[in-house]
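Everything on this sheet refers to the single structure shown next.
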Amino acid sequence: MNRLLSAIPVVLGITIIVFLIISLIPGDPATAILGSYATPENVAKINKDLGLDKSLPERYLIWLGNIIQGDFGRSFSLNRPVIDEVMERFNATLILSGTAFILCSFLGILVGTISAARQYTLTDKFITFIVLIGISIPSFFLGMMMILTFAVRLKLFPVSGMYAIWGGGDLPDLINHLVMPSIALAIVATGVVARISRNAVLEILRQDYVRTARAKGVKERSILISHVLRVAIVTILPVLGLQAGFVLSGSVYIEIVFQWPGVGRMLVDAILKRDIILVQGGVVFVSICYVFFNIAVDVLQRVLDPRIR
Amino acid sequence: MIDFLKIVAKNRLAAFGGILLLIIITLSILAPILPLKEPNITNTADRFMVPFEGGHILGTDHLGRDLLSRLLWGTQLSLAVGFAAAFIAATFGSILGAIAGFYGQKTDNIIMRFIDMLMAFPYILLALAIVAALGPGLFNALIAVALVNIPFFARNIRGVTVTLANKEFIEAARLSGMSNFRILIVEIFPNLLPMIVIAMSTTVGWMILETAGLSFLGLGSQPPQADLGSMLGEARSALITNPHTSFVPGIMIFCIVMGINLFGDGVRDALDPRLKKGSLIRPLPQTIYEGGDTQPQPSTKLLSVQNLSTQFHVNQDIYQSSNDVSFEIQEGECLGLIGESGSGKSVTALSITSLVASPPGVIKKGSVNYKNQNLLALPYEELRSIRGNKISYIFQDPLTTLHPLHTIGDQLLEALQAHDSELSASESISKSKELLKSVQIPNPDNLWDVYPHQLSGGMRQRVCIAMALINDPELIIADEPTTALDVTVQAQILNILNSLRKERKLSILFISHDFGVISQLCDRVIVMYAGSIVEEGPVKNIMQQAAHPYTSELIKCVPQLGNKEHALYSIPGNPPSLNQLPEGCAFANRCKYKQDQCLKESVPVSSKDNRSYKCFYPVGGVA
Ligand code: SF4
């Protein structure tokens, strides 16, 4: 509960920063915000809606008040309320990023642990090498290569999109479309998580309590799982929270490459069309969701670690 | 600096990364003077040529432009933008961080709050918002990427500054009347520089990738200007028909980022002292044993350690922690093992069941005879069935030796279950609780679901003792079990051990640096110095009259009530370093009785009755 309250200043800060950035736009705000949609009626309307003739702090408060009521303004390029569009798109992003996040957490920890437990063996070297490639390859390039190989050449998966245009729409169809983009999105984060897990596990293996477990005669496998991994997960959790941000960020590229109808693609389109209100709404909405996600990670950490309970 | 480069160069991967980067950077810098075709001349007739067609080494793109030329110019642009972004982020981030760290208090609070807010964003959203406000364009993308990375620098530099600001030379500068601002510029900034450079080297790859990413999205460089990202972005529409146009810029970005990662890792490893010491090496479940199939001498005793030599190999140095050590423990005997810290007593004790962290530890030779088998040469599974079952340990600091995330109850049960106990679940629990009572924990139920950090040191050590006893072992090895505790608690723990010992006829190997503790508990004692046993005999006789000068010094260290001078006595001088032990007596540099002979010849062991010692000129002429 306390953690939830502590989110309030952060969320306020996010809104202030976004608001300030958007207000940086040089020139008449109404024209700037509307861009190519700056018809006289629209200008008059937005001036009234947002109180653009008022001072900066006043405008912020009005805007904030609207947001709290769930009103993120209206997109001019799409001619619909921002919140409706964002919610719809966010759903798609969540499916993609969530899958990639789960993938990178499990795979990363698994691979990193194996690598540490087999330090300096061929397995370890092989994993380290793959991880190095994984963290160096730009996800958008990887995505393109995957499309070329698995979709175009091998015809294993659809080239792009979230559902098939004809006759799709069910879960198997979604999964079929999800495989490539989620893997492409997860690769970099998996590499990072694997690296950190490997180091964490190596560090923990040197701890006195591992020696105690060995002195007790506990089997090496259960030492690894119940002693080492247990602590490793607690130390890796904050990193996972951070990685979620990276996955969410990377999803912008992946959504473009795979034509995934998510928030990232919406934002890029909106920027190119100079639909500032849509950008503003999308950024604020997703950022706030991310704040709450991090709170959840924090709470989970407390649950798993009795020392900070 | 030279040393540093040497270390980096030794790391083959880092060197490879460095060279790869160097080649790329050189080529891109040389782009203006290389005999390249014009990057921006379009010639639709020549579009989508494959590599080597029509004199285009890498082929042409969708407008018939020479790809090699575009690649090098694009690389130059991408590198320049990435480095510029890193530089801007480093400058502003470091300034913010240094100010926050140096002035502290309110300034710190305000700045760091702001930084935290920036970090609350998924970074690309912030970048997108900035680009949205400023409009697409390479310069704006650069600004966005730089801004987004400011928090990283601010945080790191703040941390370093805080530690610097508390250093003595800063205090001195203050006292000499230097203004805060001057201190910041003259004293602190030069010390921050290496840190800033490192932070830059670890993030520049990121920033190149990020700016390329924004360009890829069409938000960065605008045509005809092209960096690697926008080249890839333009090539995407022809991905399926002409993939080579995508490969060219894509692989280049990959090479740059990998080069920076490899090189950066090498730099970090070279600077991280932990890695130098090789401490991030995983200790094997069993110490490496190089004694082959050494057969131990037959022995009638419970356990007989024979010619044990354990070494640590760190970098080029060999530390001889336990040097040809031999001793025996009888059934029901409590044998003390005493020495200063670093004398090799713990290593000796851990060697018995191959628990020495390895690498870097190696058991060079020797054997441990337990029931006519050499413990050191046992296969892992057989050793495991002895550890904690027949031979168990109690360690020094129960806070670090108990697992922090498991309850006391679970840890006790685990010790029991590790050895396939035939007890049912409820029997196991009641046996564990019974044991907790026997170490004078009156209400085991209250303790069962508690975590180690919630207990006092004394309670924790009782738990450890109970855990060591749980499989009714034949030998308990107690490695300084009372050292981390208060004096009164120490006495309680010693009492518990003493009464358990009598009740259960336990054999104990009790390690301590304190003759007072040893004399309360042990029958016999062996004294170790610099990895070797220097004296051995019944505790009573040795306390009365030590033979080895080192032993008598150790006895002098025992605090005596009412004698304040004694309470503070510690042996003057330091033991020799274990990687360069002297020819003669290792104690010679601290010994009052030293003669020339002691320095030249290695000292033989003399023994008489049940005592032995390793000294040419024993104290009080005991010989
Ligand atoms: S051998 Fe010599 S130097 Fe060594 S302890 Fe004995 S008297 Fe001292």
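These values consider heavy atoms only, across backbone and side chains, with no hydrogens, waters or symmetry-generated copies. Order of the sequence lines sets the chain letters (A, B, ...), proteins ahead of strands, with each chain counted from 1. Since the structure is predicted, the reported quantities are computational estimates derived from the model, not experimental observations.
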- Note on the structure: When the 4.5 angstrom heavy-atom criterion is applied to B:I251 and chain A, the contacting part is both
- Message: I need the residue from A:S249, A:G245, A:A213 with the largest number of non-hydrogen atom pairs under 4.5 Å to chain B.
- Response: A:S249
- Item | Sequence-distant partners of A:D298, salt bridge (charged side-chain N to carboxylate O under 4.0 Å, His left out), two or more places apart | A:R3, A:R302
- Task: Sort A:R195 into side chain, backbone, both or neither according to what part of it lies under 4.5 angstrom from a heavy atom of chain B.
- Result: side chain
- Item | Interatomic distance, A:L205 atom CG to A:T113 atom OG1 [nearest 0.5 angstrom] | 9.5 Å
- What distance do B:L412 atom CG and B:H406 atom NE2 have between them, rounded to the nearest 0.5 Å? 13.0 Å
- Query: With only heavy atoms counted, which part of A:L242 is less than 4.5 Å from chain B, the side chain, the backbone, both or neither?
  - Reply: neither
- Quick one: which of A:V279, A:L272, A:L278, A:I271 gives a side-chain contact (heavy atoms from CB on, under 4.5 Å) with A:D275? A:L278
- Message: For A:R214, is there an ion pair with A:E220 - N to carboxylate O distance below 4.0 angstrom?
- Response: yes
- Query: Do you know which of B:L219, B:D116, B:L217 has the most heavy-atom pairs under 4.5 Å to chain A?
  - Reply: B:L217
- Residue, of A:M145, A:H227, A:R265, A:Q207, that accumulates the most heavy atom pairs under 4.5 Å with chain B: A:H227
- Side chain / backbone / both / neither for B:Q411 at chain A, heavy atoms under 4.5 Å: both
- Message: With a 4.5 angstrom heavy-atom cut-off, is it the side chain or the backbone of A:I135 that approaches chain B, or both, or neither?
- Response: both
- Query: What distance separates B:I260 CD1 from B:C255 SG, expressed to the nearest 0.5 Å?
  - Reply: 11.5 Å
- Under 4.5 Å from any heavy atom of chain B - which part of A:V10: both
- Message: Please tell me whether A:D124 and A:T121 have a donor and an acceptor in their side chains that are separated by less than 3.5 angstrom.
- Response: no
- Task: I would like to know whether B:W206 and A:F246 meet ring pair (Phe, Tyr, Trp, His ring centres under 6.0 Å); could you show each step before the answer?
- Result: CA-CA 12 Å; B:W206 250 125; A:F246 283 97; 5.2 Å; yes
- Task: Could you tell me whether the side chain of B:I477 reaches within less than 4.5 Å of the side chain of B:I394, counting heavy atoms only?
- Result: no
- Query: Side chain, backbone, both or neither: which part of B:F216 has a heavy atom under 4.5 Å from chain A?
  - Reply: side chain
- Item | Side chain, backbone, both or neither of B:L405 within contact of chain A (heavy atoms, under 4.5 Å) | both
- Query: Is it the side chain or the backbone of A:A215 that comes within 4.5 Å of chain B heavy atoms, both, or neither?
  - Reply: both
- Query: Given that the side chain runs from C-beta out, which part of A:I17 has a heavy atom under 4.5 Å from chain B: side chain, backbone, both or neither?
  - Reply: side chain
- Message: Looking only at side-chain N and O atoms, does B:Y380 offer a donor or acceptor that is under 3.5 Å from a partner on B:S354?
- Response: no
- Note on the structure: Taken to the nearest 0.5 Å, the spacing of A:F140 CZ from A:L185 CG works out to 13.0 Å
- Query: Which residue out of B:R236, B:M119, B:Q454 racks up the most heavy-atom pairs below 4.5 Å with chain A?
  - Reply: B:R236
- Query: What residue, out of A:I256, A:V152, A:L248, has the most heavy-atom pairs lying under 4.5 Å from chain B?
  - Reply: A:I256
- A:Q119 versus chain B, heavy atoms under 4.5 Å apart: side chain, backbone, both or neither? both
- Message: Taking every non-hydrogen pair under 4.5 Å, which of B:T400, B:L383, B:D410 racks up the most with chain A?
- Response: B:T400
- Max heavy-atom pairs within cutoff under 4.5 Å with chain B, candidates A:V291, A:V263, A:V252, goes to A:V252
- For chain B, the option from A:G264, A:S226, A:S139 that forms the most heavy-atom pairs under 4.5 Å: A:S226
- Task: Pick one of side chain, backbone, both or neither for B:F247, based on which atoms fall under 4.5 Å of a heavy atom in chain A.
- Result: both
- Query: Does any heavy atom of chain A fall under 4.5 Å from the side chain of B:S246, the backbone, both, or neither of them?
  - Reply: both
- Interface residue of largest heavy-atom contact number with chain A, from B:A415, B:P283, B:G388, B:A418, under 4.5 Å: B:P283
- Query: Does any heavy atom of chain B fall under 4.5 Å from the side chain of A:L267, the backbone, both, or neither of them?
  - Reply: side chain
- Is chain A contacted by the side chain of B:A357, its backbone, both, or neither, given a heavy-atom distance below 4.5 Å? neither
- Most heavy-atom pairs under 4.5 angstrom with chain A, which of B:P136, B:G218, B:G213, B:G229? B:G213
- Check whether B:H403 gets within reach of chain A through its side chain, its backbone, both or neither, counting any heavy atom under 4.5 Å. both
- Item | Part of B:L118 lying under 4.5 Å from any heavy atom of chain A | both
- Message: Quick one about A:T93 and A:E255 (side-chain donor to acceptor, distance below 3.5 Å, no hydrogens or angles considered), yes or no?
- Response: yes
- Count the heavy-atom pairs under 4.5 Å between each of A:N294, A:V257, A:V18 and chain B, then report the option with the highest count. A:V257
- Judged by modelled atom types alone, do B:S346 and B:D479 share a side-chain donor-acceptor pair under 3.5 Å? yes
- Pairing residues for A:Y290 by the ring pair (Phe, Tyr, Trp, His ring centres under 6.0 Å) criterion, not counting sequence neighbours: none
- Determine the option with the most heavy-atom pairs under 4.5 angstrom with chain A, choosing from B:T401, B:L355, B:L125. B:T401
- Message: What part of B:F395 gets within 4.5 angstrom of chain A, counting heavy atoms only: side chain, backbone, both, or neither?
- Response: side chain
- Atom CG in B:L232, atom OG in B:S78: separation rounded to 0.5 Å? 10.5 Å
- Item | Spatial distance of atom CG (A:L132) from atom CG (B:N261) [nearest 0.5 Å] | 6.5 Å
- Aromatic ring proximity, centroids under 6.0 angstrom, A:F285 and A:F90: yes
